[in-house]
Amino acid sequence: MAEKVSEEIKALLGDPATVAVISAVGKDGTPYSQVPHKIGLWEDGRISVHQLLEKSLLQKNLVYSLWFDKRVSLLLAAKDGSSYHLYLKPYQALVAGRDFTREYQQVLVDFGPEADLSTVWLFDLESVVSSSYREEQAREREAHPYLYHLDHIAKEEYRA
């Protein structure tokens, strides 16, 4: 079941200053990452990613993800330095129809009359992991309480 998109994630998806990177794995197991051409949030809570290039490696990997029920990762990095890993399940690939036509018209406005739109990918949010340094460090320490760097456990008199 899809997770509800939080207000914080909605704000990040709508902020043009947010840096986004989408990653999908191909049939040979090799991941590929790309800054999406356009991302958004649909009224039904699904995350959309607009893929402008028909034959890109990301497009091929997204098709593989949809057909073979593979997960996709979307990293959102905010201008304040916070970041979130979103783990997504492909729901649908729009390549025709009323919704696709509406999105295509907006792509022409956003990217110019020579732009093309291959697919509007729709994803269900499965989980979100905040990935600030401090939060990752706390998760690591909780998961591995006895694993330390030597410099963290050395006696004070030995420190330089």
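When reading the values below, keep in mind they use all heavy atoms of this one structure, side chains included, and skip hydrogens, waters and symmetry mates. Since this is a predicted model, take the numbers as computed values, not measurements.
In this structure, OH in Tyr32 is found 9.0 Å from CG in Asn61, a value given to the nearest 0.5 Å. Separating the OG1 atom in Thr119 from the CD atom in Gln92 is a distance of 11.5 Å, to the nearest 0.5 Å. Distance check, rounded to the nearest 0.5 Å: CD of Glu54 to CG of Leu52 gives 11.0 Å. Put simply, CZ on Phe123 and CG on Leu66 are 8.5 Å apart, with the number rounded to the nearest 0.5 Å. For the atom pair CG of Leu62 and CH2 of Trp67, the computed distance is 12.5 Å after rounding to the nearest 0.5 Å. A distance of 11.0 Å separates CD of Glu126 from CG of Leu86, quoted to the nearest 0.5 Å.
Taking every heavy atom of both residues into account, Val63 and Trp121 meet most closely at N-CH2, 3.5 Å. Of all the heavy atoms in Ser56 and Gln34, the pair that sits closest is OG-OE1, 4.5 Å. The two residues Leu122 and Trp42 have their closest heavy-atom pair at CD2-CE2, 3.6 Å. Between Ala77 and Ser83, the shortest heavy-atom contact is CA-CB, 4.0 Å. Scanning all heavy atoms of the two residues, the minimum distance from Ile39 to Pro36 falls at CG2-CG, 3.4 Å.
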Could you tabulate the donor-acceptor pairs under 3.5 Å formed by side-chain atoms of residues 8-31, not counting sequence neighbours?
| residue | atom | partner | partner atom | Å |
| --- | --- | --- | --- | --- |
| Glu8 | OE1 | Tyr84 | OH | 3.2 |
| Glu8 | OE2 | Tyr84 | OH | 2.5 |
| Lys10 | NZ | Glu7 | OE2 | 3.3 |
| Asp15 | OD1 | Ala17 | N | 2.9 |
| Thr18 | OG1 | Leu12 | O | 2.8 |
| Thr18 | OG1 | Asp15 | O | 3.4 |
| Ser23 | OG | Ser33 | OG | 2.5 |
| Asp28 | OD1 | Thr30 | N | 3.0 |
| Asp28 | OD1 | Thr30 | OG1 | 3.2 |
| Asp28 | OD2 | Thr30 | OG1 | 3.3 |

Side-chain donor-acceptor distances from residues 95-102 under 3.5 Å, at least two apart:
| residue | atom | partner | partner atom | Å |
| --- | --- | --- | --- | --- |
| Asp99 | OD1 | Arg102 | NH1 | 3.0 |
| Thr101 | OG1 | Gly97 | O | 2.8 |

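At least one side-chain heavy atom of Leu125 sits less than 4.5 Å from a side-chain heavy atom of Leu88. Taking the side chain as every heavy atom from C-beta outward, Arg46 and Val5 never approach each other to under 4.5 Å. Counting only heavy atoms from C-beta outward, the side chains of His50 and Leu117 approach each other to under 4.5 Å.
Tyr87 and Leu75 fall into different hydrophobic clusters, defined by Ile, Leu, Val, Met, Phe, Trp and Tyr side-chain heavy atoms under 4.5 Å apart, directly or through other members. Taken together through direct or relayed side-chain contacts under 4.5 Å among Ile, Leu, Val, Met, Phe, Trp and Tyr, Val72 and Ile47 form part of one hydrophobic cluster.
More than 12 heavy-atom neighbours from other residues, nucleotides or ligands sit within 6.0 angstrom of NZ on Lys38.
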Side chain to side chain contact (heavy atoms under 4.5 Å, CB included) evaluation trace for Leu58 with Gln51: CA-CA 8 Å; Leu58 179 64; Gln51 182 59 30; 3.5 Å; yes

